[in-house]
Amino acid sequence: MPPTPWVCRTCLLRIGKPALRQFFRFQSTSSTPESIPPALLSRARKIADEHKELTQKLANGFDTRAAKILGEYSPIVNALKEWDKANEVSRIRDPAVALSVPYLNTRAEGHIKSLTELTSLIHDHTTDPELLALASDDLGLTRTLLANASQRLTTSVVPVHPFAHLPCLIEIRPGAGGSEAAIFAGDLLRMYQAFCNRNNFRSTLLKYENADGTSEAGVPLSEAVLEIDSENAYGVFRCEAGVHRVQRVPATESKGRTHTSAASVLVLPSLQESALGEEDFENPESDYYVDPKEVRVEIMRARGAGGQHVNTTDSAVRLTHIPTNTVVSIQDSRSQPKNKEKAWRLLRSRLAQARREKREEEAVAMRRSVVGVAKMGRGDKVRTYNWNQQRVTDHRSGTTVHDLDDVMEGGETLDRVMESVRSWLMERDVEALIAEEEADEKKK
Amino acid sequence: MPRLSNGLLRHAYTINPLLAPLLRSCRDLTSAQNELRWLREHVKLTQTSLNKSHGSLLRRFVCERASGKPLQYILGTEYFGDLEIQCRPGVLIPRQDTAASVTHLVHLLRRAEGLPSELRVLDLCTGTGCIPLLFRHQFEKARREDVRLRLLGVDVSEKAVRLAHHNLKCVFQEHGYRDSKAVIEFMMGDVLIDPCGDQTFDPPSFKAVMDFLRKPQFWNILISNPPYISPSAYWKTTTRSVRGFEPKLALVPPAREEKPGTEQGDTFYPRLLEIAYDVEAEIVLFEVADLDQALRVARMARDIKIFDGIEIWRDQPDQNDEDDPSPHCEFKVTGQGNGRSVLCWRGRGSKWLGKGGAKHITSDRSPIRNAFFATYKF
């Protein structure tokens with residue numbers, strides 16, 4: 001009798017399981033493209049009501065202020081009308097589809113009301129194949145109509161971020177995880193650079209420091225500041241701020257264990273003179289205003305006599321904002337004035353960001369009950385890059401994509417992830433807005 | 001110079017083997033890391049031939065730097081304010097402190113009212129020509145239509161004058177100054193030679209050259225960064241890299257038998273003050289070694305009794321005043337750092353600098369002047 005070959009127990013157990021396990025996300029804050037958040041819809045309706053009132057008021061007599069507000073509201077109202085129409089179409093069409101098949105008529109009449117029902121009709125196994133073809137045809141059309149209308153409505157209602165039009169600075173620093181985190185931070189930097197190249201954003205490396213203080217590529221990164229010069233860059237990259245987590249077998253690992261490390265990405269609006277105008281730096285009311293008296297400028301002077309006695313090459317400049325104890329130190333260039341200029345730019349950006357965050361903090365405390373944790377600071381991880389599963393998951397929008405290589409090369413997959421986060425952020429913004437309005441009403 | 005600790009050397013070596021030799025010249029890790037980075041950038045920029053790898057050229061530069069050769073001579077340039085100035089062995093490397101003083105002076109003048117239609121600036125002991133070039137660069141930023149600049153740099157060394165001309169070309173190529181009407185010239189001349197004494201023609205005396213080339217007789221501003229280190233300080237306070245590689249001619253005034261020690265460091269100033277008197281300079285800015293020398297020079301300037309005001313600037317005159325422990329009530333000291341320069345003004349100069357309170361002294365001062373220069377004999 002031939003002996004039975006030995007089979008590993010793990011392999012035996014694996015036979016019983018399906019070969020490809022699907023990863024499901026059971027709880028998610030993500031939204032389907034054609035659905036519109038109820039909060040946004042209610043706000044749009046409210047605006048439409050107000051619009052109606054204002055129109056009546058204007059019919060009685062002219063008022064400049066009312067006319068101005070009316071002008072602001074009209075695109076929202078138009079978008080809402082369009083959306084309503086698209087929604088109506090889907091409602092009317094569904095019974096028509098149902099009527100075409102007599103035996104379904106009794107079953108479906110009165111039940112099929114909306115697009116969702118139509119979708120479920122398709123997924124239902126008992127549906128007649130002829131009906132299925134008709135329904136799916138119709139569904140596609142209705143869906144695009146509705147999706148377009150929703151999109152337009154959303155963009156018209158959601159307030160634009162006040163810094164969205166500005167160029168931005170992206171600061172990347174390794175977090176927990178030692179040299180692996182530093183390597184990953186370098187990967188992230190290259191990812192953003194590639195992304196900028198592909199999307200025609202002008203990017204310059206403002207500061208690049210390796211773990212060993214040189215700027216050689218491929219060595220673990222200790223800090224990098226990437227400046228993206230193009231307009232609207234802050235609006236595009238705002239969603240990237242937060243802790244990015246990586247799960248992979250590091251290059252530095254000898255035993256093949258998977259590590260989890262993190263790198264933090266900070267996105268600041270870049271406050272260049274061209275983008276803002278001189279008066280913003282001079283105006284004490286502005287976020288960008290920094291009182292020169294409150295800043296201690298330290299220039300690394302030669303120790304000892306100075307002057308002709310030494311020929312030092314120290315060009316480091318350190319700025320300390322005394323009230324907030326914010327320190328910026330730059331020593332990249334050999335030219336002291338250039339270092340100084342860079343340091344001021346960085347200090348202004350950081351202070352403006354801090355001020356804005358502080359102001360938002362108060363608003364957030366109020367919003368939190370409604371929105372949950374929505375502030376995009378350094379808090380939680382926002383995205384995971386998993387090498388073993390070749391997967392990138394954004395924890396805010398709940399989007400998962402599986403083309404990790406394309407993401408790391410800054411390809412279109414990254415676009416998709418960022419887009420999903422942006423729409424998620426937009427919803428948060430609207431919810432926050434409504435919460436604020438409700439709170440205001442309560443106060444009254 | 002304190003010894004470098006073994007721990008530091010070992011730490012530097014583990015980061016990069018090239019950092020350890022650089023520490024010999026830089027003395028601390030951050031500046032060594034910066035210098036290595038700049039050297040690396042320089043190698044990448046300059047290397048065109050393929051017969052030598054990046055690594056070997058970089059190693060050669062690091063060896064040179066470790067032997068004390070200033071980084072500025074290896075890279076060939078140094079930043080002076082916003083300008084990149086070419087440096088060559090044999091000519092003093094421009095210093096950041098000088099740039100700070102000149103920038104501050106121009107900053108005061110930029111908004112000044114009542115400037116003449118041609119503002120004349122004379123720079124003695126110009127070296128690389130950095131001071132006139134920076135003066136123009138900073139002044140052009142003010143975009144003053146009503147003032148035309150005329151700058152003249154003088155140096156005793158032929159090498160320096162040639163380099164200054166070269167720098168003039170380089171800076172012009174880089175920055176353009178399209179609608180600038182400024183005139184910059186450089187010429188060779190010896191400031192120290194007494195114009196009344198025996199004349200030599202190699203190098204000729206400053207005064208003789210001015211007459212010969214028919215340069216203007218009167219100048220509004222006189223700036224100078226002359227050699228000011230006394231022989232004793234040269235051996236005590238200058239760094240190895242300065243002593244070993246920079247020209248002594250630009251650092252220590254020539255020896256004069258009757259003036260030993262610290263006074264030899266002051267050799268240039270009486271002569272410079274005399275020139276300031278002759279060209280009727282309204283603003284005078286001299287760089288000095290430290291606060292003590294600043295006080296000596298300020299007293300000399302006071303004794304000649306032509307100036308309405310005298311002030312001492314520290315390394316960073318644009319910064320808030322240092323809370324000074326020692327009361328120097330004699331002259332006003334502004335800024336932070338070591339005593340770095342002496343500023344004197346008179347007549348219209350006080351209005352340009354915004355100092356106010358100009359006294360109108362028109363009386364003939366020649367007796368006082370003669371008495372003064374008699375005491376500071378050459």
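A, B, ... follow the sequence lines: proteins, then strands. Residue 1 opens every chain.
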Problem - Check: B:F286 ring centre within less than 6.0 Å of B:F268 ring centre - result: no
Handout entry: Output field: ring centroids A:F201/A:F237 closer than 6.0 Å
Key = yes
Against chain A, label [X] side chain, backbone, both or neither, depending on which of its atoms sit under 4.5 Å from a heavy atom there.
X	answer
B:L92	side chain
B:A99	neither
B:T98	neither
B:F80	neither
B:L83	neither
B:I93	side chain

Exercise for the section: Apply the test side chain to side chain donor-acceptor pair (under 3.5 Å) to residues B:S230 and B:Q264: give CA-CA distance (whole Å), side-chain angles for both, the deciding distance (0.1 Å), then the verdict. Expected result: CA-CA 6 Å; B:S230 65; B:Q264 195 185 321; over 6 Å; no
Among [options], which residue has the highest count of heavy-atom pairs closer than 4.5 Å to chain A?
options	result
B:D82, B:T237, B:T238	B:T238
B:D290, B:T30, B:N225	B:N225
B:I229, B:L71, B:L251	B:I229

Handout entry: Test item: side-chain donor near acceptor, B:E287 and B:S224, under 3.5 Å
Key = no
Practice task
Check whether the side chains of A:N311 and B:E246 place a donor and an acceptor atom closer than 3.5 Å, and report yes or no.
Solution key: yes
Handout entry: side chain to side chain contact (heavy atoms under 4.5 Å, CB included) between A:V328 and A:R350, worked out
Key = CA-CA 9 Å; A:V328 177; A:R350 282 197 189 156; 3.9 Å; yes
Exercise for the section: Select one option (side chain, backbone, both, neither) describing which atoms of A:K293 are under 4.5 Å from chain B's heavy atoms. Expected result: neither
Fill in the blank from the handout: Greatest number of non-hydrogen atom pairs under 4.5 angstrom with chain B, of A:K338, A:R334, A:Q331, A:Q336, falls to A:R334
Practice task
Report yes or no: does B:S101 contribute a side-chain atom to a donor-acceptor pair with the main-chain N or O of B:D97 at less than 3.5 Å?
Solution key: yes
Exercise for the section: Take A:H321 and A:T324 through the test side chain to side chain donor-acceptor pair (under 3.5 Å) and record every step on the way to the result. Expected result: CA-CA 6 Å; A:H321 188 245; A:T324 58; 2.7 Å; yes
